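What you are looking at is a predicted structure, and each value in this text was computed from that prediction instead of being measured.
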Amino acid sequence: MTEITTHDLPRRLRSLPGAARLLDALEGERNVWVVGGAVRDLLLGRQPVELDFVVEGDAVEVARRAARRLSGGPMVHARFGTASIEAPGLRVDLAGARRERYARPGALPEVEPGASLTDDLARRDFTVNAIAVRLADGEIAAHPGALEDLRDGVLRVLHGRSFVDDPTRLLRLARYAARLGFRAEEDTDALARTAIAGRAPATVTGPRLGAELRLLAREPQPAAVSELEARGLGRAVLHPAFTLEQGVTERALGLAPEDARRDLLALASGCLQAPAAELAPRLDVLAFPASERGTLVASATNARALAEALAGADRPSGMWMLLRREPVESVALAGALGPEESARRWLEELRHVRLAIGGEDLLVAGLEGPAVGRALDAAMAATLDGTAPGRDEQLAAALAAV
């Protein structure tokens with residue numbers, strides 16, 4: 001059972017970075033509510049990442065009044081009944097309370113403005129996100145059972161078609177479970193499994209699925225990818241061969257240096273059986289940026305061969321020749337498959353070694369063209385193997401190689 005604290009929410013809202021100025025601008029607005037994840041996190045004693053506001057009434061007019069107080073101006077999105085307040089160092093979105101309907105499974109919702117706060121809360125994904133606090137007086141409004149579910153650490157959808165209407169909620173179910181340590185309520189769990197078995201994710205566009213998948217991967221790991229596997233979402237969304245091997249993800253994350261992308265590494269650890277010829281196009285469908293796609297594919301599809309080769313590399317120079325162009329995520333995953341200490345040595349020590357000489361020194365010595373690159377490689381190999389500790393020895397090793 002999770003402890004929740006409902007008292008003095010307005011004061012705690014004001015203590016958030018940048019919030020006091022905004023709340024001053026909204027002072028006197030009786031129908032403005034903070035909703036969703038920010039309220040959930042405040043009640044759990046967590047720091048909210050962002051604030052979402054709902055206005056019972058005309059959000060655009062509220063935004064205009066607040067913008068004047070901030071000496072800024074609102075950006076109005078009349079079609080959706082929303083507005084953004086922009087002032088130096090500040091941007092906030094306000095939305096009018098609305099209802100939503102889905103013309104077909106997986107479609108973006110059709111918005112009906114002019115609803116009550118109760119209607120607006122009822123369109124949310126999970127009860128723990130269907131809680132609001134009014135800025136004017138700190139009054140709490142919640143969908144039935146929401147506060148109890150928050151206290152009990154339960155994720156519950158608000159109606160039986162939730163995952164069919166919007167299958168991205170399946171990924172959000174895994175995301176909140178990983179972040180909060182909450183469990184799916186029994187009926188919600190059954191609805192999720194039925195939706196996945198019925199291929200509900202296939203009704204959503206690739207970019208929308210990819211955006212939710214990338215958000216999920218940034219949650220605490222390995223909990224996030226464990227949720228992906230346990231629910232069959234990795235197979236349904238990323239690749240049919242998505243499988244986590246016992247302990248591999250944990251070991252890979254344990255090897256990962258600070259400059260590693262832990263989200264991509266965790267996803268790659270579930271794609272070790274996915275052929276590159278299939279994984280890369282799937283990531284394109286999911287609209288992964290090219291750099292992220294390259295890292296994920298290289299890490300997943302090279303790891304086994306890299307692990308075998310690394311296990312046979314008995315000298316630092318051999319490790320350097322093998323690993324120097326590999327992303328650190330590939331090396332961490334390869335190490336998790338066997339040669340852990342070799343991978344750790346590369347990641348923590350050998351990849352940071354730098355020569356005392358450079359290309360200009362070799363040009364002065366009379367080398368040119370490709371010979372310069374070959375000579376520098378030879379100097380690095382000698383340095384790593386301990387035979388060229390200083391500048392003179394490195395220069396000698398370089399010239400001897402050509």
Side-chain angles (χ1 to χ4, degrees), residues 1-7 9-10 12-13 31-46 48-57 59 80-82 93-102 108-192 195 212 215 219:
M1 183 176 294
T2 304
E3 181 179 351
I4 61 174
T5 306
T6 60
H7 70 278
L9 283 178
R12 287 156 57 201
L13 278 168
N31 296 315
V32 179
W33 301 75
V34 182
V35 297
V39 181
R40 177 201 67 217
D41 289 345
L42 282 169
L43 292 174
L44 293 174
R46 293 169 172 252
V49 176
E50 59 187 3
L51 296 178
D52 294 319
F53 295 87
V54 162
V55 178
E56 279 193 292
F80 301 104
T82 64
D93 296 325
L94 289 90
R98 80 240 350 252
R99 301 181 191 88
E100 291 177 349
R101 62 179 297 271
Y102 293 83
L108 289 170
E110 297 175 0
V111 172
E112 179 186 340
S116 67
L117 177 70
T118 299
D119 293 327
D120 194 273
L121 293 179
R123 72 181 178 83
R124 309 257 160 190
D125 48 9
F126 303 100
T127 57
V128 297
N129 293 330
I131 308 172
V133 58
R134 186 158 55 193
L135 288 183
D137 56 11
E139 178 183 337
I140 292 177
H143 189 82
L147 291 172
E148 292 79 5
D149 286 345
L150 187 66
R151 179 196 62 206
D152 296 339
V154 168
L155 296 169
R156 185 193 309 269
V157 290
L158 278 67
H159 58 87
R161 286 188 55 83
S162 184
F163 294 128
V164 176
D165 286 343
D166 184 358
T168 65
R169 289 171 177 164
L170 294 164
L171 289 161
R172 277 180 260 159
L173 177 66
R175 176 150 57 103
Y176 294 133
R179 181 193 302 177
L180 303 172
F182 284 13
R183 71 185 189 283
E185 174 268 337
E186 184 177 344
D187 288 341
T188 295
D189 184 69
L191 289 168
E212 289 289 345
L215 287 173
E219 299 295 345

* Give, for atom CZ of Arg123 and atom OH of Tyr102, the distance between the pair rounded to the nearest 0.5 Å. => 8.0 Å

* **Any side-chain heavy-atom pair of Leu147 and Leu43 under 4.5 Å** => yes

* Asked: Got a salt bridge between Glu110 and Arg101, using NZ or NE/NH1/NH2 to carboxylate O under 4.0 Å?
  -> yes

* Mind running side chain to side chain contact (heavy atoms under 4.5 Å, CB included) on Asp93 and Phe53 for me, showing each step along the way? => CA-CA 7 Å; Asp93 296 325; Phe53 295 87; over 6 Å; no

* To do: Nearest 0.5 Å please: distance from the CG atom of Leu180 over to the CG atom of Leu155.
  => 7.0 Å

* Provide the closest heavy-atom pair for Ala146 versus Ile131 in the form atom of the first, atom of the second, distance. => CB-CG1, 3.8 Å

* Heavy-atom distance under 4.5 Å between the side chains of His143 and Thr118, does that happen here? -> no

* **Side-chain heavy atoms of Phe182 within contact of Leu150, under 4.5 Å** => yes

* Give a yes-or-no answer on whether the side chains of Ser162 and Arg169 include a donor-acceptor pair shorter than 3.5 Å. => yes

* Asked: Is there a donor-acceptor pair closer than 3.5 Å between any side-chain N or O of Arg46 and the backbone N or O of Leu44?
  -> no

* Asked: Out of Asp187, Thr127, Thr188, Asp149, which one pairs with Arg156 under the side chain to side chain donor-acceptor pair (under 3.5 Å) rule?
  -> Asp149

* Structure fact -> Taking every heavy atom of Val54 against every heavy atom of Gly96, the minimum-distance pair comes out as CG1-C, 4.5 Å

* **Test item: Leu94 and Thr82 side chains (from C-beta on) under 4.5 Å apart, heavy atoms** => no

* Asked: Should we count CD of Glu186 as having more than 12 external heavy atoms under 6.0 Å?
  -> no

* Does the pair Arg179 and Glu219 meet the rule for a salt bridge (Lys or Arg N to Asp or Glu O under 4.0 Å), with working shown? -> CA-CA 6 Å; Arg179 181 193 302 177; Glu219 299 295 345; 2.8 Å; yes

* **Derivation of the side chain to side chain contact (heavy atoms under 4.5 Å, CB included) call for Leu135 and Val34** => CA-CA 7 Å; Leu135 288 183; Val34 182; 3.5 Å; yes

* Structure fact -> Minimal heavy-atom distance between Arg98 and Ala95, with the atoms involved, is NH2-CB, 3.6 Å

* Should the ring pair Tyr176 and Phe126 be called parallel, tilted or perpendicular, given that the plane angle runs from 0 to 90° and is split at 30 and 60? -> perpendicular

* Asked: With no hydrogens and no angle check, is any side-chain donor or acceptor of Asp152 less than 3.5 Å from a backbone partner on Val154?
  -> no

* Asked: Can you name the closest pair of heavy atoms from Ala130 and Leu158 and give their distance?
  -> CB-CD2, 4.3 Å

* Structure fact -> For Leu117 and Ala97 the tightest heavy-atom approach is N-CB, 4.3 Å

* Asked: Does a side-chain N-to-carboxylate-O contact under 4.0 Å join Asp120 and Arg99?
  -> no

* Asked: Can Asn129 and Arg40 be counted as having a side-chain donor-acceptor contact under 3.5 angstrom?
  -> yes

* How many angstroms lie between CG in Asp166 and CD in Glu100, if you round to the nearest 0.5 Å? -> 8.5 Å

* Flag the pair Val39 / Trp33 as yes when at least one side-chain heavy-atom distance between them is below 4.5 Å, and no otherwise. => no

* **Nearest non-hydrogen partners of Leu51 and Ala38, listed with the distance** => CD2-CB, 3.7 Å

* To do: With side chain to side chain contact (heavy atoms under 4.5 Å, CB included) as the test, would you mind laying out the steps for Asp165 and His159 before giving the verdict?
  => CA-CA 10 Å; Asp165 286 343; His159 58 87; 3.4 Å; yes

* How long is the span from the CG atom in Asp125 to the CG atom in Leu170, to the nearest 0.5 Å? -> 11.0 Å

